[in-house]
Amino acid sequence: MSDNQNIQPLNEELWQFPMDYPIRLIGNAVPELRDEVEAIFLKHFPDFDSNNIVVQPSSKGNYHSIRAQLRFENMEQVHALYADLKACEHIKTAL
């Protein structure tokens with residue numbers, strides 16, 4: 001397990017389902033990051049279109065920002081996704 005403590009959904013009482021959610025991740029700039037994120041998204045969203053993942057390197061190239069739009073159906077799905085993101089050693093933050 002990594003030390004990525006910044007991965008947690010906030011203000012659960014404000015979430016209304018179903019909802020489209022723009023997620024943004026920050027992770028280490030390693031070749032496998034995108035594939036790991038894609039696998040996690042597809043696990044929780046089987047109809048997710050991987051072409052919608054946007055990866056942008058940081059100015060120094062140490063990190064990558066990953067953006068995508070996800071469709072959550074319930075809070076259990078949110079918690080399951082964030083648990084898998086937290087378990088991914090290359091992801092440092094999820095916003």
Side-chain angles (χ1 to χ4, degrees):
M1 185 96 119
S2 69
D3 63 350
N4 46 9
Q5 298 300 313
N6 295 321
I7 299 178
Q8 54 186 328
L10 302 174
N11 300 321
E12 291 182 15
E13 64 278 359
L14 300 177
W15 293 54
Q16 296 180 2
F17 298 97
M19 68 178 289
D20 293 323
Y21 185 77
I23 193 164
R24 183 173 175 195
L25 310 172
I26 298 173
N28 296 324
V30 294
E32 58 270 20
L33 177 64
R34 188 189 191 288
D35 291 339
E36 290 176 3
V37 169
E38 180 179 344
I40 292 169
F41 287 171
L42 287 170
K43 174 182 175 183
H44 298 280
F45 306 93
D47 296 330
F48 178 75
D49 182 356
S50 299
N51 292 320
N52 291 327
I53 294 175
V54 177
V55 180
Q56 182 175 358
S58 66
S59 60
K60 294 184 181 180
N62 296 327
Y63 299 97
H64 283 170
S65 169
I66 296 180
R67 292 181 319 224
Q69 186 86 5
L70 303 175
R71 178 84 173 163
F72 286 114
E73 298 297 327
N74 55 56
M75 187 53 73
E76 291 78 21
Q77 190 178 28
V78 174
H79 287 293
L81 173 70
Y82 275 80
D84 283 349
L85 292 173
K86 186 173 184 175
C88 181
E89 68 178 306
H90 299 298
I91 297 173
K92 298 302 176 193
T93 302
L95 307 170

What's the separation between atom CD in Glu89 and atom CG in Leu33, rounded to the nearest 0.5 Å?
10.5 Å
Phe17: partners by ring pair (Phe, Tyr, Trp, His ring centres under 6.0 Å), with sequence neighbours left out
none
When rounded to the nearest 0.5 angstrom, what distance separates CZ in Phe48 from CD1 in Ile53?
4.5 Å
Evaluation steps, side-chain contact (heavy atoms from CB on, under 4.5 Å), between Leu25 and Ser65
CA-CA 6 Å; Leu25 310 172; Ser65 169; over 6 Å; no
Return the minimal non-hydrogen interatomic distance between Gly61 and Ala29, and the atom names on each side.
O-CB, 3.3 Å
How long is the gap from CD on Glu36 to CG on Asn28, to the nearest 0.5 Å?
10.0 Å
For Tyr63, check ring pair (Phe, Tyr, Trp, His ring centres under 6.0 Å) against everything at least two apart and list the hits.
none
Taking every non-hydrogen atom, the tightest pair across Glu73 and Pro18:
OE1-CB, 3.4 Å
Show me the pairs that pass salt bridge (charged side-chain N to carboxylate O under 4.0 Å, His left out) and involve residues 40-57, at least two apart or across chains.
Lys43-Asp84
Taking it one step at a time, do Ile40 and Phe45 satisfy side-chain contact (heavy atoms from CB on, under 4.5 Å)?
CA-CA 8 Å; Ile40 292 169; Phe45 306 93; over 6 Å; no
Could you tell me if the side chain of Ile91 sits less than 4.5 Å from the side chain of Ile66, heavy atoms only?
no
Nearest heavy-atom neighbours spanning Pro57 and His64
CA-CD2, 3.4 Å
Quick one: do Val37 and Val55 satisfy side-chain contact (heavy atoms from CB on, under 4.5 Å)? Show the steps, please.
CA-CA 11 Å; Val37 169; Val55 180; over 6 Å; no
To the nearest 0.5 Å, what is the distance between CD (Gln77) and OH (Tyr21)?
13.0 Å
All pairs passing salt bridge (charged side-chain N to carboxylate O under 4.0 Å, His left out) where residues 17-34 contributes a residue, at least two apart:
Asp20-Arg71, Arg34-Glu38
Would you give the length of the straight line joining atom CG of Asn62 to atom CD1 of Ile26, rounded to the nearest 0.5 angstrom?
12.5 Å
Consider only side-chain heavy atoms of I, L, V, M, F, W and Y, link residues closer than 4.5 Å, and tell whether Phe41 and Val54 are in one cluster.
no
